[in-house]
Each structure stands twice: as C-alpha cells, then as structure tokens.
Amino acid sequence: MAEDATVPPFEGFPAAAAEFYQQLTVHNTREFWNEHRDVYDGTVRGPMLALTHELSEFGQFKIFRPHRDVRFSTDKSPYKTSQGAVTEGEGGEFYYVQIDADGLLVASGYHQMATDQLSRFRAAVDSESTGEDLVARVATLERNYTISGRALSTAPRGYPRDHPRIRFLQHKGLTAGREFGTPDWLSTRQAKRRIVDTWRGAEALNEWLNSYVGPSHLAPP
C-alpha cells in the first residue's frame with residue numbers, strides 16, 4: 001500500500017488528548033466543544049487517523065463519530081467522552097483502540113456476537129474438548145488481560161446452571177483488553193508498537209473464536 005502524503009505519521013497521543021476528555025466529561029456542551037474543536041482535531045482525531053492509517057494491515061478502520069445519538073436517551077449530553085476506532089480481521093475478530101479521560105484502552109476479540117455466532121459459540125463452549133481449550137487459553141491471557149463480554153446472570157436456555165463452563169456460556173461477547181492509562185510512551189511512536197503487541201498477544205483467543213465461531217452469516221439489519 002502506497003503511503004498517503006495527506007496523512008502525517010503517527011507520533012502518539014499527546015497528554016492534551018486525555019486532558020481534553022477530562023474537561024469534556026465535566027463540560028459536555030456545544031459551547032465547550034466549539035471552543036476546543038482544534039484541540040480535538042489536533043490531539044485526538046488527527047493522531048487516531050494517523051494511527052489507523054499505519055495499521056491498515058489489520059483492516060480498514062472505522063473511526064467513531066464524536067456526536068452521541070440522543071434521540072432515544074434520557075442523557076442528552078451531545079458528545080461522546082471517548083474516541084474509538086475498530087476494524088474486523090479476515091477471520092471475524094475485531095481490533096479496537098480507544099483514547100479517553102483515563103488514557104489508552106486496547107482490546108480484541110468478538111465484542112457482541114450475532115445470533116448465529118452465539119449459537120456456534122455456545123456449542124463450542126459446551127463441547128468438552130473445545131470448551132476446555134478455551135478455558136486454558138483464557139486462563140493464560142488473564143495474567144495480563146481483562147476478559148470481558150459476560151452478559152447473563154444465569155445459564156442460557158437449554159444449558160444447565162451447573163455447567164462446568166457456565167462462566168463462558170453467560171457471555172454474549174468475548175474480548176481481551178488492556179487499560180494502559182497515560183504512560184509517557186503514549187505521546188510517542190512507541191504507542192503504536194504497544195497497541196500492536198496487545199492485539200498480537202490476544203491471538204490465542206482470536207484463533208479459537210475464528211475457528212469455532214467465525215463471522216456472522218446474517219444479513220445486516
């Protein structure tokens with residue numbers, strides 16, 4: 001892929017990015033946004049565009065818009081208090097990166113499975129061989145990652161509450177993520193390497209998910 005001269009190289013997320021969201025959390029108004037739009041463009045959106053351009057090997061990223069959809073929400077705050085970007089790998093796994101008031105979050109896996117994916121996931125968890133393989137992989141990952149996606153408080157329909165892998169049957173998504181905060185390297189090119197290393201470090205989970213779940217075959221809504 002040829003370099004796009006219109007996209008500058010990624011040089012990290014400046015400290016002002018987290019500071020911007022710290023202030024936006026308190027002053028979530030159009031007035032504040034308009035007064036600080038140049039800060040958002042220069043320290044948040046600009047670096048995210050540069051980063052995802054350089055990480056195109058993972059796929060074409062979607063950078064989320066900053067405005068909230070408040071039509072059906074009681075919270076009428078107009079702006080999101082984080083900037084995320086996501087792409088889907090060839091096998092169905094997702095790669096996600098986010099900057100907010102707390103700093104950097106990096107995650108990978110299957111965030112929210114569609115109905116057909118969930119059926120395949122539960123069948124693989126229920127099977128002793130594939131289910132115990134997942135248990136072992138997650139146990140290793142949990143030394144350095146936070147595992148997320150648990151959504152049910154009991155067993156899904158058709159499965160016993162005392163299932164040996166009930167923990168995973170209660171998931172509707174399965175991701176491995178790390179919260180890094182705002183270390184000094186966040187404002188340098190080292191941030192790119194840390195993000196890539198985090199995604200690569202979760203390959204054991206993604207390999208399992210891609211093998212036994214895979215992309216959804218349902219038509220988009």
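Bear in mind the structure is a predicted one, so any value in this text is a computation, not a measurement. All heavy atoms count here, side chains included; hydrogens, waters and symmetry mates do not.
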Atom pairs and distances, donor-acceptor, side-chain atoms in residues 16-24, under 3.5 Å, two or more places apart:
residue	atom	partner	partner atom	Å
Q22	NE2	A101	O	3.2

Donor-acceptor pairs are to be reported for all side-chain atoms of residues 155-164 against protein atoms at under 3.5 Å, with residues two or more places apart or in another chain.
residue	atom	partner	partner atom	Å
R161	NE	T154	OG1	3.4
H163	ND1	R165	N	2.9
H163	NE2	D126	OD1	2.7

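Nearest approach of G109 to N206, heavy atoms of both residues: CA-OD1, 3.2 Å. In this structure, G12 and P47 approach most closely via the heavy-atom pair O-CB, 3.7 Å. Residue G214 comes nearest to R120 through the heavy atom pair O-NH2, 3.6 Å, listed as atom of the first residue, atom of the second, then distance. Of all non-hydrogen atoms in G149 and H171, the two that sit nearest each other are C-ND1, 3.2 Å. For L55 against F61, the heavy-atom pair with the smallest separation is O-CE1, 3.4 Å.
Below 30°, between 30° and 60°, or above 60°: for F13 and F10 the angle between ring planes is above 60°, a perpendicular geometry. Using cut-offs of 30° and 60° on the angle between ring planes, the pair F180 and W185 is perpendicular.
Atom CD of E57 sits in a crowded spot, with more than 12 heavy atoms from other residues, nucleotides or ligands closer than 6.0 Å. The environment of NZ in K172 is sparse: at most 12 heavy-atom neighbours from other residues, nucleotides or ligands sit within 6.0 Å. Within a 6.0 Å sphere centred on CG of D184, other residues, nucleotides and ligands contribute 12 heavy atoms or fewer.
Partners of Y212 according to the ring pair (Phe, Tyr, Trp, His ring centres under 6.0 Å) rule, which considers only residues two or more places apart in sequence or in another chain, are W208. Not a single ring pair (Phe, Tyr, Trp, His ring centres under 6.0 Å) links Y96 to another residue, sequence neighbours left out.
Side chains of D75 and S77: a donor-acceptor N/O pair is present below 3.5 angstrom, by distance only. Using a 3.5 Å distance cut-off with no hydrogens or angles, the side chains of Y40 and Q83 do pair a donor with an acceptor. The closest side-chain donor-acceptor pair between N28 and T81, if any, does not fall under 3.5 angstrom.
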*Can L104 and I195 be said to form a side-chain contact (heavy atoms from CB on, under 4.5 Å), step by step?*
CA-CA 9 Å; L104 181 68; I195 291 166; 4.1 Å; yes
How far apart are the C-alpha atoms of R189 and E54, what are their side-chain angles, what is the distance that settles it, and do they pass the salt bridge (charged side-chain N to carboxylate O under 4.0 Å, His left out) test?
CA-CA 11 Å; R189 282 191 61 80; E54 293 187 13; 3.2 Å; yes
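If you chain together ILVMFWY residues whose side-chain heavy atoms come under 4.5 Å of each other, L152 ends up in a group of its own.
Among residues at least two apart or in separate chains, side chain to side chain donor-acceptor pair (under 3.5 Å) pairs with a member in residues 138-149 are E142-R167.
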